[in-house]
2 protein chains.
Amino acid sequence: MARTTEGDLAPHELRILVAVADSGGFSSAAQALGLTQSAVSHSVRGSEGKIGVVLFERGRGGARPTPAGEKAVTHARRVLRLLDVLAAEARGAARAAGADGVGPEAAGPLRIAAFRSAALHLLPPVLQRLRARCPGIEPQVRIVREVGRGTAGEVADGRADIALATLDGSTPLPAGVVAHGLLEEEYALVHPAGRGDPRSLPLVDWVENCGSYTRAWWAAQDWIPKATVEAEDDGAVLSLVSSGHGMAIMPALSLMGAPHSVEITDLGPERPTRRIGYVTTPELAGSAVVRALVRELRAVGTRSTAVAR
Amino acid sequence: MARTTEGDLAPHELRILVAVADSGGFSSAAQALGLTQSAVSHSVRGSEGKIGVVLFERGRGGARPTPAGEKAVTHARRVLRLLDVLAAEARGAARAAGADGVGPEAAGPLRIAAFRSAALHLLPPVLQRLRARCPGIEPQVRIVREVGRGTAGEVADGRADIALATLDGSTPLPAGVVAHGLLEEEYALVHPAGRGDPRSLPLVDWVENCGSYTRAWWAAQDWIPKATVEAEDDGAVLSLVSSGHGMAIMPALSLMGAPHSVEITDLGPERPTRRIGYVTTPELAGSAVVRALVRELRAVGTRSTAVAR
DNA sequence: ACCGTTCCATGAGCAGTCCTCATACCGTGA
DNA sequence: TCACGGTATGAGGACTGCTCATGGAACGGT
């Protein structure tokens, strides 16, 4: 008799599944984990035996997850994270036995995914407060471009615990995550200082800038820019503008710390805005570390929503 | 250097932690798991070493979890359950590759906690539909008294996947669970048939009956019962009433299938109601088995909210 | 105060697990 | 055909996790 169910997958087996999915092959997964290709092959075969299902299609280019494999890898990431949380919260509970709520006892690594301007201008004060209040938390910030599934995708795939993301209604959230709004960020016009009418300059745009926020505003204007040039990211846009090569409509966070060679003008009461929020997984939303960060985000984020350097 | 973090806990270690917490001692846990007391002792010590925290206070009479141990055991139950779900969903995905949504491919055990009247009168048709649609799911219903943390506590502690609970605003939900409403259940007056004015009889109450639902209604009445007697549960209440020893204000579910020796009278437009909903953990909310049950709950629950035998 | 009971702790030894090394296999492109 | 990416597989060694046997500590009855 071929026993179909043999037992649960051990953490190291889960890690191997995740590594194979991430790296796209047994050999590269082995390298990433500091193991042998053979060990990975044996382990995956063993996991498949335990579940009773083929998890990866092996081929010339490596290994690709089957539908069952996709499910398994997604869950594997969550289980691994939950194991981390288990240890971290148990340690925290031991430190401050009895004290309830999110206090200094929250501890452990906290993986944050953020788009560039949030990581540069929104997170620093938040993390400073967090460090002061919960010294046991070790925040790890990873900058992710807000393209494709963006920062929220990192959370959905288990690569981050919480993401700072732009929440527009048009692009739907990945499945299995929850989002909450933090602040409404205002757009402003930025152009070279002391150069007269910025309308004569080309508009500089960048890939991550989601047009849906500003489209309505443009439609209400009685002029359109003569030309549009595309830059790598919002930092490059600002650099282009400051050197006099164009003007741009940029969100407040991207304009923090802008050089004095640019002028920032308010777009008036009808200015476009975009919604910034955080995204996390439901099972992490209740964990002490995530709750601690969210509290600081709320405390800091409610101010400084307007344009200011 | 004493390395504080050594690695993740393996499933068998988690199982041992849970068994120790459940059985209240190393020896009994060993017996329950078919292991030696020595193995349990070694394993727990190893887990404590990995986390870096004492998880159980040992003493005569057995072992009791420390606060850290409580957290660890709760998470352990969830991790173990998530591992089950991983395997079950991967198998399901392999069976119906590509088909999305909750279909017949959902499979595996589903642990349901319900209060008495819900288990007796609400669940049967739901489970019948569920069985027809998802034959692979094996529902396990456990009746839990709605006292203390009630059915929701079972979910919070990882002993159930989903709970049917009464959602009143007064008693807060345990941390780390999510709840959704299903139906508004109406209270009605039940009294012995053909006995004249029920107001002359004592009011029968029972422990699980949360007074907060009916308090406002009682305050609006121009009479109060002469006496109140307490019964074990709603079944006992109904039995007392049917044998002529009193009258009661009971929710609709408890009155389904009431004998003809009792008379049920509507309390009018201002009648009290209580909210019935389900409670689950965030990480299970997206799983196929839970989603399948919730869909049937919604389908069945939206009817039959009024009193009817 | 003694003993018996009932817990948990600890050390030694054995069995199974998991990793590595070496090698075989398979499909592709020059 | 050969070289070159990939994975599969078999044998052996280190390690882990279990059991057995024994020790220690705390209580209760006498």
Side-chain angles (χ1 to χ4, degrees), chain A residues 2-3 5-51 53-66 68-69 72-73 76 80 83, chain B residues 3 5-66 68-69 72-73 76 80 83:
Chain A
R3 280 171 287 183
T5 297
E6 275 280 10
D8 291 321
L9 277 66
H12 65 90
E13 295 179 298
L14 300 178
R15 244 186 297 274
I16 288 177
L17 294 186
V18 170
V20 170
D22 282 347
S23 65
F26 287 18
S27 310
S28 40
Q31 193 163 8
L33 293 171
L35 292 181
T36 317
Q37 170 269 325
S38 169
V40 173
S41 177
H42 278 129
S43 174
V44 171
R45 177 163 292 269
S47 301
E48 291 178 331
K50 287 182 182 175
I51 303 189
V53 151
V54 177
L55 297 176
F56 292 95
E57 271 173 23
R58 291 85 152 160
R60 59 232 134 266
R64 209 194 323 283
T66 62
V73 168
L80 288 174
L83 281 170
Chain B
R3 279 172 287 182
T5 297
E6 275 280 9
D8 291 321
L9 277 67
H12 64 90
E13 295 178 299
L14 301 179
R15 241 185 299 274
I16 288 177
L17 294 185
V18 170
V20 170
D22 282 347
S23 65
F26 287 19
S27 309
S28 40
Q31 191 164 9
L33 292 171
L35 292 181
T36 316
Q37 170 268 323
S38 169
V40 173
S41 177
H42 278 129
S43 174
V44 170
R45 177 163 292 270
S47 301
E48 291 178 330
K50 286 183 182 176
I51 302 188
V53 151
V54 177
L55 297 176
F56 293 94
E57 271 173 23
R58 290 89 152 154
R60 65 243 88 275
R64 210 194 323 283
T66 63
V73 168
L80 288 173
L83 281 170

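We name chains A, B, ... by the order of the sequence lines, and we start the count at 1 in each one. This is a predicted model, so every value here is computed, not measured.
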> Tell me: CD of B:Gln37 to C1' of D:dG24, nearest whole Å?
Replying inline: 12 Å
> Whole-Å distance between C:dC18 P and A:Leu9 CG?
Replying inline: 11 Å
>> Tell me whether the side-chain N or O atoms of A:Ser38 pair up with the base of C:dC21 as donor and acceptor below 3.5 Å, since no angle test is needed here.
In response: yes
>> What contact category does A:Gly25 fall into here, base, sugar-phosphate, or nothing, at under 4.0 angstrom with non-hydrogen atoms?
In response: sugar-phosphate
> Can you name the closest pair of heavy atoms from B:Val73 and B:Phe56 and give their distance?
Replying inline: CG2-CZ, 4.2 Å
> Is the count of non-hydrogen atoms from other residues, nucleotides or ligands lying under 6.0 Å from B:Gln37 atom CD greater than 12?
Replying inline: yes
>> When you compare the side chain of A:Arg58 with that of A:Val44, does any pair of heavy atoms fall below 4.5 Å?
In response: yes
> For the pair made of CD1 in A:Ile16 and C1' in C:dC18, what is the distance, rounded to whole Å?
Replying inline: 9 Å
>> If I take atom CD in residue A:Glu57 and atom C1' in nucleotide C:dC26, what distance separates them, rounded to the nearest angstrom?
In response: 16 Å
> When the nearest nucleotide of DNA chain D is assigned to A:Arg45 and to A:Gly59 on a heavy-atom basis, which residue is associated with the more 5' position?
Replying inline: A:Gly59
> Expressed in angstrom and rounded to an integer, what is the separation of A:Arg58 atom CZ from D:dG5 atom P?
Replying inline: 21 Å
> Heavy atoms under 4.0 Å, any strand shown: does A:His12 hit a base, just sugar-phosphate, or nothing?
Replying inline: sugar-phosphate
> Where the side chain of A:Phe26 is defined as all heavy atoms beyond and including C-beta, which of C:dA9, D:dA8, C:dC19 is the nearest nucleotide?
Replying inline: D:dA8
>> As a test of reading the structure: which of C:dA9, D:dA8, C:dT10 is closest to the side chain of B:His42, going by heavy atoms?
In response: C:dT10
> B:Gln31 CD to C:dC8 C1': how many Å, rounded?
Replying inline: 16 Å
> What does B:Ser27 touch in the nucleic acid at a heavy-atom separation under 4.0 angstrom: a base, only the sugar-phosphate, or nothing?
Replying inline: sugar-phosphate
> Between D:dG17 atom P and B:Leu33 atom CG, what is the distance in whole Å?
Replying inline: 15 Å
> Between B:Leu9 and A:Leu83, which heavy-atom pair has the shortest distance, and what is it?
Replying inline: O-CD2, 3.9 Å
>> Please report the distance, rounded to the nearest Å, between CZ in A:Arg64 and C1' in D:dG6.
In response: 13 Å
> Minimum heavy-atom separation for A:Asp8 to A:Glu13, with atom names?
Replying inline: O-OE1, 4.2 Å
